[in-house]
Amino acid sequence: MLNIEDFVDIFINEVNEVKDMLMNYFSLDTPQDIIEERVRYEFLSHWISLERLLSIDDHKLDEYSIIAVDSSYQGSWYAHGKALHIIRAVAIDDRGRTFRHLMLEYNASQRPRTISNVVKLLAEASEYNVCLKAVRDTDKPPIVLLDGSLYSRLVHPPVEYLADRHRHVYIETMRSFIELIDEVGKKGGILVGVVKDSTSEHLRLAILKNIILSFLPELEDVALEGSISKLFKMTSKEVRKIDDDHVKKALRKLLNKLRFRESDYSIIMRYAERAGFTRPLLVGCLRSRCFKKFTFIEKVGILSFVLKTWKRHMKTLDKDSREEFKREACSVMLKLKSIPAIFTSYVLPRANELPLRIDVLMPQLELKRFFFFNNVNFINEEPPSEIFLIVKKIVNDYADLTMYNPLLFAVHRMAKITRREFKLYEIALRNMGVNLIPKRRVWVA
């Protein structure tokens, strides 16, 4: 049997072949040109020092109840093509109280990825349900810390999943999310998504937009109110009309940059000279598939969309259940249409470490609607004071790269299902007579 030592010679040869390319690809250094200089300038002009937070009274946070939530799932596929997953979610508050939820999901589909998507949505629904218990059990306005992005939770496209169960899981999950949003809003609270690792490009897109407007101010209306994709298409057309070769070359270089992904974290780690945070962004639905679905709803109406999207699921229901599902699905889609756009800010609690991304949803504010705002803009006016309060809370609680937030770290450890734990659950189920037949690869591994 071959060991790692048997591949060392091939590894060394391969590294020698691509070493320079690897060094260049993973470097944070960027060749300096006019566009990169403008990116750096734009970034620093929207970078706020942590000193800005000194004016915020820490006692203001005492008016809120802090609740952290996380979920985990673990599963396996078996020889007869069926899957079993265990999902659990935990919420804890700043008084040390815990709220728990666990569910078993058994399902099969022609596409294993479909089951992965279903389970992911069920795990999110589990988080919202357990969090709802914690929110209802507090007398103070809650600040809910969800582990992960709020944006990614909103941009699941409304579709039917071709699986044995939970074909309408989108409706199930979004109903739970709306209930949580409504309850948090009634109590004057705030929903916060804390993202420890992010590959998003929201900040980068906003920066590139501003650079385009510095060259083409006539596109300002499109930049603020239109879709971001429309802005880039119109920029491409306008470039052809420009007589100044230097400007034309710079804009073509900028448009070329859009063809390649670069995360916001990369920009922050390259240009942030001190600890701080970005001026908040107002972010709408930038995922085209999701945005097009909601645009289609506006054209055909909610009922027609529900009947078309979940027609297979409704065929499995009796008449009364079918009518009940139609009412529920239409209600969920109607309420989703009114969800406000979210605020996003990137925080660097300590220089030369990794940033965090914070998504903030404030249900009580009158803003552009998330699903009909296909854009991202810097907040030029003074942002809501609650955002600075959230940033201060995140910075105050930050310890290091691992302990980025004590409550979220604790709830993650509680919710996490290890592979060893799942094996124990499997043994218990087999002892009860559940026929979980391992795949052949389990035996030969």
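For this chain, numbers begin at 1 and follow the sequence in order.
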Donor-acceptor pair, [X] side chain versus [Y] backbone, under 3.5 Å?
X      : Y      : value
Ser126 : Leu122 : no
Arg322 : Thr316 : no
Tyr151 : Leu286 : yes
Glu201 : Glu262 : yes
Asp93  : Ile66  : no
Gln74  : Ile417 : yes
Lys392 : Asp57  : no
Ser338 : Lys335 : yes
Asn107 : Asp164 : yes
Tyr265 : Pro355 : yes

From the options Val135, Leu180, Ile190, select the one residue that forms a side chain to side chain contact (heavy atoms under 4.5 Å, CB included) with Pro142.
-> Val135

With distance as the sole criterion, is a donor-acceptor pair present between the side chains of [X] and [Y] under 3.5 Å?
X      : Y      : value
His168 : Glu328 : no
Lys209 : Asn377 : yes
Asp264 : Tyr346 : yes
Glu127 : Ser71  : yes
Lys368 : Asn375 : no

Closest approach of [X] to [Y] (non-hydrogen atoms, all atoms of both residues):
X      : Y      : value
Phe305 : Met333 : CE2-CE, 4.2 Å
Ala275 : Ala351 : CB-N, 4.0 Å
Pro340 : Leu365 : CB-O, 4.2 Å
His156 : Cys290 : O-SG, 4.0 Å
Phe370 : Val283 : CD1-O, 3.6 Å
Ala123 : Tyr73  : CB-CD2, 3.7 Å

In plain terms, say whether [X] and [Y] are close enough for a salt bridge, that is, a side-chain N and a carboxylate O under 4.0 Å apart.
X      : Y      : result
Lys311 : Glu160 : no
Arg327 : Glu324 : no
Lys133 : Asp137 : no
Glu51  : Arg274 : no
Asp70  : Arg413 : no
Lys60  : Glu63  : yes
Glu172 : Arg165 : no
Glu426 : Lys423 : yes

Quick check: are there more than 12 heavy atoms from other residues, nucleotides or ligands sitting under 6.0 Å from [atom1] of [X]?
X      : atom1 : value
Lys326 : NZ    : yes
His59  : NE2   : no
Glu353 : CD    : yes
Lys82  : NZ    : no
Lys120 : NZ    : no
Arg419 : CZ    : yes
Phe325 : CZ    : yes

Less than 4.5 Å apart, side chain to side chain, heavy atoms only: is that true for [X] and [Y]?
X      : Y      : answer
Ile268 : Leu203 : yes
Cys285 : Leu154 : no
Arg111 : Leu162 : no
Leu251 : Leu216 : yes
Pro112 : Trp77  : yes
Met362 : Ile390 : no
Phe373 : Ile228 : no
Arg369 : Ile339 : no

Give the C-alpha distance, both sets of side-chain angles, the deciding distance and a yes or no for side-chain contact (heavy atoms from CB on, under 4.5 Å) between Asn256 and Lys253.
-> CA-CA 5 Å; Asn256 188 57; Lys253 186 169 287 188; 5.5 Å; no

Would Glu37 and Arg40 count as a salt bridge (charged side-chain N to carboxylate O under 4.0 Å, His left out) if you check the C-alpha gap in whole Å, the side-chain angles of each, and the deciding distance to 0.1 Å?
-> CA-CA 5 Å; Glu37 282 297 326; Arg40 180 177 181 276; 5.0 Å; no

Lys NZ or Arg CZ of Arg350 over Tyr398 ring: under 6.0 Å, within 45° = no

Does NZ or CZ of Arg153 come closer than 6.0 Å to the centre of the six-membered ring of Tyr128, within 45° of the ring's axis?
-> no

Rounded distance (nearest 0.5 Å) linking atom [atom1] of [X] with atom [atom2] of [Y]:
X      : Y      : atom1 : atom2 : result
Lys299 : Phe296 : NZ    : CZ    : 8.0 Å
Ser72  : Arg88  : OG    : CZ    : 6.5 Å
Ile35  : Ile211 : CD1   : CD1   : 5.5 Å
Leu281 : His46  : CG    : NE2   : 8.5 Å
Ile394 : Leu145 : CD1   : CG    : 5.5 Å
Asp147 : Leu408 : CG    : CG    : 5.5 Å

With side-chain contact (heavy atoms from CB on, under 4.5 Å) as the test, would you mind laying out the steps for Ile212 and Phe232 before giving the verdict?
-> CA-CA 9 Å; Ile212 287 174; Phe232 294 142; 3.5 Å; yes

Decide side-chain contact (heavy atoms from CB on, under 4.5 Å) for Arg261 and Thr199; before the verdict, give the C-alpha distance in whole Å, the side-chain angles of both, and the deciding distance to 0.1 Å.
-> CA-CA 9 Å; Arg261 288 189 60 87; Thr199 57; 4.2 Å; yes

Evaluation steps, side-chain contact (heavy atoms from CB on, under 4.5 Å), between Ile207 and Tyr41 | CA-CA 9 Å; Ile207 286 173; Tyr41 172 81; over 6 Å; no

